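Just so it is clear, the model here is predicted, and its values are computed rather than measured.
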Amino acid sequence: MIEDPKTILKVREKPTSLRAAWELLEIFYVDKQLQSWLPERLVDWLADFDCLLSAKDSTVYSKLSNFQKKLINLQIVEDDPDYWNGLSAALSVGWLDIVVNMLRFHGSYQLDQMDNRETENGLVEAVAVLVSTMPRLRPNLPTGKLGQCCKTRPDFVKAWEKWRGQVTKLECSAFWIQCGHQKTRDGLKILLHIMMGNIKELTASTSHWLELFASHFLYIRPFTVGFEGMHHLAQKCIQLKPSSGSNGLTGLIIGVLSENPEVVLAECTQNFGPWLVTHAMELLTADNDYADTMLHEERPNLGGISIEELHRLVYAQVLCSHSLTWQIAPTYLSSCLNQGLGLLEILLLKQPIQDNRLVLKTLEICRLCELDNVSANIMKIAGIYHWKHGRKGAGVYWFQQAHDKVHLDRIAQQLFERIGKSVTDDSFKQWEGLLELLGPDIGSAGGLEFLHRYRDFKRSLQQALDGRSGEAARQTVDFLIQLMRNPSTPQRFWLPLLHDSVELLNCKPRPLMNVAETTLLLNKLQELSLAKLRPDFSNNHLPSHALSSVRLALASNLARAVLEDP
């Protein structure tokens, strides 16, 4: 876009009161190392947020905005009183670039002049040069900002005295007599008086007390450092420029200048919402023992929590109410040791578990906040949800991550009923795929440990029967002994395991087990014989002679083992 040369106020993002309040707190609390540059910080702040100071009363911004609308229809701007009023208002609050730009609108700069206006133009240009070279105590000047940047106080004092002398010299110049345009002469004189610190002209040029407050530090008290006499000066400016209404910003700055944390907190609570209150307390307690005690003291009337914790909980509840901001709430809840952790657990447990990405995000929050119990409960809930909805692999995964042996044992009991007689059975293949998802860490799988070992036994048995190799047969026997010794192997699977091994035991000319191993299996078989007498014993899927076949095979193996045992 082509910029209009007669643009006074540039189009920018609309400012908000919340941002204005936060930057105001930054000026007085965060940037304490930059107290010598405080007047310039106020000038920059006013340039951004002067339009928010009052909705009813006039401000420097509203004056310039109204004149901007009027400027398009003006032929001779220097004849309009609003032109000079806008110039003096902008200069009083230190908006030097706007002042110089507006001075260039003066009719004496036009080339097609009928009258001789060289002296008049010279005076306008001299004032513009003085404005553009005004010393400014600040670390740097942003692009487009005018003034003579002075980074140290001695340099600023020296430059200020020289510049103020040039202003006084121009004000006493004899060229004013030769200036034939009365309004130009009077308007430029007012600008010089403002730069000389004339309180009458500063009061007339400003509209709001905060503008007058800033002008004092620019032209009357340029060497002020820190908060020296600021509150008293603010009260004086309020008397000279009373405001018809307060929008929160003025009340906030009065509280800051009076160094009263109660007033600052009350203004933030009333006008700017929980976000500013929560973060402003961190600034108030820095280097202020009284504010630190007031905000951190546990109060019985608040349920045993402090004012700081109360406001953090309020803001956290605001964040929890929206799906896009709830993930920020744990940062604040985890810092509230009395009630925040309980609310944080409730928040995390309430999150939906249908989406795995959301579950992982919730678990990461639990990890960062060291909430291991909550993390385990969330994984259990996710496991139950997926198992009930048919995603058994996902369910077992979450149960294993939660180290939930109770649910894993229940799953194992369900899988036990589906175990077939051989590795070729379809039911075996169904749960075998599920076991593959559990991974190698079978120790954390609870009751499923038996199923892992049973699967390995079945595979090895099939290889031994197919290949008839001694190594595979010995490995199968090792798996069998491990299963029979393992306490996690249910007793009702002893006989099926032994019966599956009968063919292998009978097909080898040499014994596959030594005397001790065979004796172990015979003892297990004896326990089964006694268990068979109980009414709840059931082996319906095995032939009636299964027990006799196993006993005969073991006895034969024992006899051969005794004969070969040296």
Can [X] and [Y] be counted as an ion pair, charged N to O under 4.0 angstrom?
X      : Y      : result
Lys70  : Asp82  : yes
Arg312 : Glu282 : yes
Lys350 : Glu345 : no
Lys183 : Glu78  : no
Lys361 : Glu364 : no

Check: [Y] main-chain N/O paired with [X] side-chain donor or acceptor under 3.5 Å:
X      : Y      : answer
Asp50  : Tyr61  : yes
Thr206 : His208 : no
Arg136 : Leu146 : yes
His216 : Leu212 : yes
Thr325 : Leu319 : yes
Gln148 : Ala159 : no
Thr168 : Arg164 : yes
Asn66  : Ser62  : yes
Trp176 : Arg185 : no

Any idea which heavy atoms bring [X] and [Y] closest together, and the distance?
X      : Y      : result
Leu252 : Cys268 : CD1-SG, 3.9 Å
Ile378 : Cys366 : CD1-SG, 3.9 Å
Leu130 : Leu192 : CD1-CD2, 4.1 Å

Practice task
Take Asp355 and Val359 through the test side-chain contact (heavy atoms from CB on, under 4.5 Å) and record every step on the way to the result.
Solution key: CA-CA 6 Å; Asp355 186 356; Val359 174; over 6 Å; no

Completion exercise
The side-chain contact (heavy atoms from CB on, under 4.5 Å) partners of Ser321 (sequence neighbours excluded) come to none

Exercise for the section: Compute the centroid of each ring, for His389 and then for Tyr385, and state whether the two points are separated by less than 6.0 Å. Expected result: yes

Exercise for the section: Measure from the ring center of Tyr332 to the ring center of His279 and say whether it is less than 6.0 Å. Expected result: yes

Fill in the blank from the handout: Per side-chain contact (heavy atoms from CB on, under 4.5 Å), Phe213 is matched among Leu257, Leu240, Leu46, Ile238 by Leu257

Practice task
Check the pair Cys336, Leu341 against side-chain contact (heavy atoms from CB on, under 4.5 Å), reporting the backbone distance first and the verdict last.
Solution key: CA-CA 7 Å; Cys336 301; Leu341 295 179; over 6 Å; no

[X] atom [atom1], neighbour heavy-atom count above 12 within 6.0 Å:
X      : atom1 : result
Gln182 : CD    : yes
Asn373 : CG    : no
Arg19  : CZ    : no
Lys145 : NZ    : no
Lys189 : NZ    : yes

Tell me, do [X] and [Y] make a side-chain contact under 4.5 Å, heavy atoms counted?
X      : Y      : answer
Ile98  : Met102 : yes
Thr285 : Met294 : no
Pro15  : Cys51  : yes
Leu210 : Cys237 : no
Trp398 : Asn356 : yes

Completion exercise
ring pair (Phe, Tyr, Trp, His ring centres under 6.0 Å) filter on His232, not counting sequence neighbours, yields none

Regarding [X] and [Y], do their side chains bring together a donor and an acceptor under 3.5 Å, going by distance alone?
X      : Y      : answer
Glu298 : Ser306 : no
Tyr219 : Glu201 : no
Thr152 : Asp155 : yes

Exercise for the section: Anything under 30° is parallel, anything over 60° is perpendicular, the rest tilted; go ahead and classify Trp84 against His106. Expected result: perpendicular

Problem - Residue pair Phe49, Glu23: steps toward the side-chain contact (heavy atoms from CB on, under 4.5 Å) verdict - result: CA-CA 10 Å; Phe49 305 109; Glu23 292 196 10; 3.3 Å; yes

